[in-house]
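Please read all numbers here as calculations on a predicted model, not as lab measurements. Start at 1 and go down the list; that is how both ligands and their atoms are numbered. The figures here come from the full heavy-atom set of this structure, side chains too, leaving out hydrogens, waters and symmetry mates.
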Amino acid sequence: MNAPLLIRGATLPDGRTGIDLLAMDGRIAALGPALAAPPGAAVIDAGGRLLSPPFVDAHFHLDAALSHGLPRINASGTLLEGIRLWGELKPLLTEEAIAERALQYCDWAVARGMLAMRSHVDVCDERLLAVRALLEVKRRVAPYLELQLVAFPQDGLLRSPGALRLLEQALDLGVDVVGGIPHFERTAEQGAESVKILCELAAARGLPVDMHCDESDDPLSRHIETLAFHTGRLRLGGRVTGSHLTSMHSMDNYYVSKLLPLIAEAGVHAVANPLINITLQGRHDGYPRRRGMTRVPELLAAGVNVGFGHDCVMDPWYALGSADMLEVAAMGLHVAQMTSVEGQRQCFDAVTVNNARILGLQGYGLEPGCRADFVLLQAGSPAEAIRLRAQRLLVVRGGTVLSRMAPASAELMLPGRPSRVDFTRQPAPAAPGAAG
Ligand SMILES: [Zn+2]
């Protein structure tokens, strides 16, 4: 067993300050002010900085990550060209190359304080190469990163020959979640049929569902309604997720006022992917150009659990990204205009606790008894963490330090100014005449 670890003087996401956290035997043994250090404990002074539960990514594509430029670049920038490009790349892939890129990405993720990730894996391939590669990656990263895999029929469950058989094979091999892509089927009817088949499959196997759903600017793409219906019918509430839901941006407002309570009532989680959908959506528009991200504040207000996903990093759909869930939160905050104090905090929750609910993580959180998993950030609050994409000074899992990062700062050579700046907000000196 590790020596106990005591973090002194942290600020928590809920605003509590001066909090100590004691990690023992992999769990949070105590949380509160002025805890006594047990014999042999390692003690780290948080200096008032933010201590958060780890970042969680609820929607990613690890099989395509870091493949940007292979075999060419997406010229139009659209979702559909990305799918075509991925189709060109698939025959050229090897299990080793997929695993190597995925492992590199997982290193980045851990260093950025992300300790759980749900990744879709394309099953539309007779060799199931990506499935085998990512199952091996899941086994290898298990000591430091919880990786959930979704059996994702990228080319359409009904549209792609053999997709249902391959999806079931992937589940047999150990993939955790049933995926889908109803808006990519040939007709709306086939899309609805695919949702029904996949929900029934998940119910029969006792598995969660996470579908790419209505990733389109078409206001008539309404598969989320069908997903909510089958979730309720099969009593799958709490373990079904609708990912993207971008058509909701363009839907008729009256229809959305009926739809939101149905999603909430069914207990379907929603995932927005702000970095990807602000770049992929609206490509067929002139001006004004739609933002395309789903209606995050409205879903939250209706009582739906909403998470943010990174979705892509350097792949056929997106050339950028860095495994930084604070970058994801920052983009979500801007696109959804969640600039209020509450909105900023909700964006932080969307990359931490809300995503943990979507993945169904056990023992997640900063409470006694939870797993001793946490991140110390170079920031004083969740809003400042988002503003600065704050450094992850310390990443801890099960009481063991996995990663350290030096604080960000710059050496200044300005007359009459401090010689060092670290970008966090320093308390202003009291005004002359102020009380005290
Ligand atoms: Zn996706």
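- Ring-centre distance between H212 and F184: not below the 6.0 Å cut-off.
- Only protein N, O or S atoms were considered, and those under 2.8 Å from the Zn ion (ligand 1) are H59 NE2, H61 NE2, H212 NE2, D311 OD1.
- Judged by the 6.0 Å distance and 45° axis criteria, R289 is positioned over the aromatic ring of Y287.
- Residue pairs meeting the side chain to side chain donor-acceptor pair (under 3.5 Å) criterion with at least one member in residues 167-181, sequence neighbours excluded: K138-D176, D172-R205.
- Residues satisfying the salt bridge (Lys or Arg N to Asp or Glu O under 4.0 Å) criterion with D122, sequence neighbours excluded, are K90.
- Ionic pairing of R283 and E81 is not present here: no N-O contact between side-chain nitrogen and carboxylate oxygen is shorter than 4.0 angstrom.
- Sorted by first and then second residue, the side chain to side chain donor-acceptor pair (under 3.5 Å) pairs involving residues 96-121 (not counting sequence neighbours) are H59-H120, R118-Q148, R118-D210.
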